[in-house]
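Ligands are counted one by one from 1 in listed order, and the atoms in each one are counted from 1 as well. All residue numbers in this chain count up from 1 along the given sequence.
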Amino acid sequence: MLLECVQPHPLCAETGAEGWLRYAPLDAAQAEKYNSLPASVVLFGNSGVLESAQSELIRGVRGMLGRTLRKEQVLPREKAIVLGTLDALHDAFPELREPPALGKDGYWLTAGRSHGFDCLIITAKTERGVLYGMFALLSKISRNESIVALDEVQQPSAPLRWVDEWDNLDGSIERGYAGNSIFFEKGAVRADLTRAGDYARLLASVGINGCALNNVNADPHALEAGFLPQLARIADVFRPWGVQIALSVDVSSPKLIGGLDTFDPLDPRVADWWKQKADEIYRQIPDFGGFVVKADSEGRAGPSSYGRTPAGAANVIARALQPHGGYLFYRAFVYDHHLDWTNLKNDRARAAYDTFHPLDGKFDDNVILQIKYGPIDFQVREPVSPLFGGLEKTNQAIELQITQEYTGQQRHLCFLIPMWKETLDFDLHANGNSSPVKDLVAGKTFHRPMGGFVGVANVGLDANWLGHPLAMANLYGFGRLAWNPDLSAQAIAEEWTRLTFGNDPQVVQTIDAMQLASWRIYEDYTGPLGAGTLTNILGPHYGPGVESSERNGWGMWHRDDHDGIGVDRTVATGTGFVGQYSPPVAKLYESVSGTPDQLLLFFHHVPYTHVLHSGKTVIQYIYDSHYEGAEKASNYVLQWQSLKGRVDDQRYADVLARLEYQAGHAIVWRDAVCNWFLRVSGIPDTKGRVGNYPGRVEAESMQLQGYVSTDVVPPEDASGGKAVTCPEQLQRCEASYQFKGAAGWYEIDVEYFDLSSGQSRFRVLVGDQEVDEWTADAQLPGMKLSADSSIRRRITGLALRPGDEIRIEGYPDGGERAPLDYVELSTPGQR
Ligand code: GCW
């Protein structure tokens with residue numbers, strides 16, 4: 001049955017385009033709570049932001065309660081909802097006294113009386129605060145909370161709550177996993193900015209107040225005179241939602257596009273160029289937020305070309321922005337990617353602190369150092385960057401990554417809020433006392449005027465913004481944590497699920513449980529114990545690639561060899577990184593016994609036989625965690641299936657398909673990592689699983705017609721190190737074998753490779769009967785046979801008899817030669 005749906009409803013197909021702002025109708029019992037909601041809304045003021053607040057309130061109430069609030073110009077002789085700043089409301093409600101806790105961007109939901117009637121007042125010091133208060137009220141209704149006798153003041157923890165988008169002007173997105181840019185295409189700003197406006201609305205609803213539009217690997221053309229009016233169009237659709245736009249800039253722009261023969265930050269002509277450029281921008285975008293700079297990093301130009309410091313580069317640009325109230329975010333992600341890996345004292349983790357700590361106090365007041373949460377690069381587990389604790393006289397912001405670059409690229413479920421919470425709550429003892437990261441970045445610890453949160457979001461044109469329907473919880477959660485880092489991960493998950501899927505308790509409990517467990521599960525089947533990254537860093541940063549982070553200059557090493565694994569970062573015998581922490585923290589990490597198991601291999605090189613706090617050896621932990629993680633990942637499928645009929649069919653099917661894929665890919669990860677460490681360490685799995693796959697038949701060992709055996713590099717990316725491929729000149733190949741097990745019902749997993757260079761077709765036959773056929777058209781990264789492109793097809797409910805021939809036919813297409821890895825048989829419930 002296909003329901004025609006005007007509004008979200010449990011049975012209607014939903015694309016996810018509304019995100020958490022669906023305003024789905026509440027059922028009668030839930031709606032009853034709001035029977036006494038006033039019928040009128042009065043707006044005091046007439047700015048774009050206030051008008052957004054009013055129209056959004058009307059839209060939300062209409063959606064959830066089926067009533068259209070009456071817009072009144074003046075206070076009516078009946079109850080009303082009132083929207084306006086405290087200043088604007090002063091004459092009508094002289095009794096309202098500004099609550100002491102209320103600051104910029106905060107809001108106050110309260111009650112007042114006018115003409116003897118009760119009013120529900122949404123007020124703030126700023127118009128943006130009124131907008132935020134309105135969204136908070138709608139959120140309460142959507143989550144079916146009471147709004148009786150409201151008297152609530154909420155104040156964001158930090159002034160700067162920004163997202164960065166890594167969009168390129170050609171429309172592609174660096175590390176974006178949900179389609180092309182909502183801002184740019186073919187070197188220009190898109191003609192249709194509807195999605196950009198919708199995005200600003202989503203951002204505003206969680207209190208985000210700034211957005212840098214383009215990739216930090218910045219294209220200087222964004223600053224050219226002809227481009228600025230186009231950017232102004234984006235600012236126009238963002239402005240009604242109180243979100244300032246900003247740009248990433250290349251520090252060499254004065255030379256690249258400015259006609260100067262230098263970009264030396266200390267050259268007065270360079271200073272003048274930046275000043276003229278800033279003035280030009282502000283003439284067209286008066287509320288422009290500022291610039292983001294990535295310099296001297298990963299091949300980007302930087303002040304080092306002239307022997308200048310990052311402070312020199314930052315200040316010259318910041319001074320151009322300062323008269324207009326703009327900010328300069330200077331990224332602390334500065335490191336040498338040509339490090340000598342043979343020198344055991346070299347350590348990329350040291351780079352940010354070594355570079356920026358000596359410059360503390362040298363940055364202007366409108367400069368913010370933007371620091372990734374960990375010292376390496378957005379890994380599934382890193383210790384907190386010591387730089388947060390190393391800046392007393394410099395503004396700082398934490399950079400978190402919403403787009404799941406190293407955490408499954410939105411094909412895997414990975415709710416990042418629990419990880420971010422651990423980071424934000426971590427006490428760096430920077431002031432000799434207590435200084436959790438959340439206070440440092442908000443400027444509270446050292447009384448800095450500015451600071452905050454930056455999330456790299458990378459939403460795209462896909463209808464649901466981030467690809468995986470459950471990944472939007474990370475964007476939502478980022479905004480909520482930036483507003484209030486004291487919220488628990490559980491509370492955030494629950495809010496998001498209720499807003500996104502409704503208030504059915506079974507739906508809420510199931511999705512929350514999946515989300516809350518997902519980071520640890522992802523860590524378990526990918527890279528546990530803080531072992532740097534085991535991800536393919538020389539490829540798409542997606543599947544396993546244990547070797548890829550070793551023996552090269554990128555410095556994301558884990559230093560595994562026959563005897564042990566981990567990077568010695570101690571002061572006593574290692575790289576000295578531990579010494580960048582304050583003494584109480586350094587003391588913890590300096591010793592193996594003080595270091596928590598989850599970070600052991602980040603700080604110490606230990607033998608595989610080292611016994612963890614948990615009582616397991618390192619090697620057995622690696623095996624066990626991968627098996628347990630993969631098993632839990634496959635359980636998501638069952639958990640999700642319990643919700644059939646309780647969430648709309650479209651999102652149900654979309655999530656299910658991704659979870660089924662994830663369950664298969666978790667096994668690819670498990671096998672690759674376990675086999676690697678079995679080979680390197682020579683120590684077998686005490687449970688006998690690694691290297692033994694009952695029911696698995698390698699394609700290369702089947703009877704092949706046309707197919708040829710192909711080595712896969714690195715070998716752990718394919719079962720047995722090999723696959724079969726159908727050679728260039730053939731249009732059809734076959735791999736077959738005889739089933740020798742007992743008669744019964746079976747499931748078959750066919751593991752194959754789906755490359756971006758073609759769309760092969762596969763048929764599976766038992767005897768002469770076709771039991772399945774499909775086209776390999778998944779969107780996976782990778783042009784070659786690898787763990788990045790490995791994927792499985794599960795065929796269930798097969799009655800097999802001894803002697804049956806199982807045959808797989810592959811029909812290659814283009815560069816994709818119908819590549820097959822193995823088939824694995826199991827009885828239902830056996831896995
Ligand atoms: O993690 C790395 C990414 C790069 C990115 C860089 C950065 C924009 O792989 O794609 O470049 O971080 O944060 O600058």
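From the protein, the heavy atom lying nearest to atom 10 (O) of ligand 1 is Glu174 OE2, 2.4 Å. Nearest protein heavy-atom contact of atom 12 (O) of ligand 1 is Lys372 NZ, 3.1 Å. Atom 6 (C) of ligand 1 has its closest protein heavy atom at Glu298 OE1, 3.3 Å. Protein heavy atom at the shortest distance from atom 1 (O) of ligand 1 is Asp377 OD2, 2.4 Å. With hydrogens left out, the protein atom closest to atom 9 (O) of ligand 1 is Glu405 OE2, 2.5 Å, a heavy atom.
No N or O atom of Tyr406 sits closer than 3.5 Å to an N or O atom of ligand 1. Considering backbone and side-chain N/O atoms, Trp166 never comes within less than 3.5 Å of an N/O atom of ligand 1. Residue-to-ligand polar distances keep Glu399 apart from ligand 1: every N/O pair is separated by 3.5 Å or more.
When atom types are taken as modelled, the side chain of His558 and the backbone of Gly566 share no donor-acceptor pair closer than 3.5 angstrom. In this structure, Asp717 contributes its side chain and Ala787 its backbone to a donor-acceptor pair below 3.5 Å.
Listed by atom number, the atoms of ligand 1 under 4.0 Å from Arg175 heavy atoms are 3 (C), 4 (C), 9 (O), 10 (O). Under a 4.0 Å criterion applied to the non-hydrogen atoms of Val216, ligand 1 contributes the atoms 8 (C), 14 (O). Heavy-atom proximity to His541, at under 4.0 Å, picks out these atoms of ligand 1: 9 (O). Ligand 1 places these atoms under 4.0 Å from at least one heavy atom of Phe333: 6 (C), 7 (C), 12 (O), 13 (O), 14 (O).
With contacts defined as side-chain heavy-atom distances shorter than 4.5 Å, the pair Ile791/Phe753 does not qualify. Looking only at side-chain heavy atoms (C-beta outward), Trp341 and Asn346 stay at 4.5 Å or farther from each other. Within the 4.5 Å cutoff, no side-chain heavy atoms of Asp365 are placed close to those of Met450. Under the 4.5 Å side-chain criterion, counting only non-hydrogen atoms from C-beta, Ile182 is in contact with Trp465. Side-chain contact check for Ile281 versus Leu223: some heavy-atom pair is nearer than 4.5 Å. In this structure the side chain of Asp425 never reaches within 4.5 angstrom of the side chain of Pro436, judged on heavy atoms.
Nearest to atom 13 (O) of ligand 1 by heavy atom, out of Arg331, Gln370, Gln379, is Arg331.
Only side-chain heavy atoms of Asn215 come within less than 4.0 Å of ligand 1; its backbone N, CA, C and O stay farther off.
Rounded to the nearest 0.5 Å, atoms CD (Gln580) and CG (Leu387) are 8.5 Å apart.
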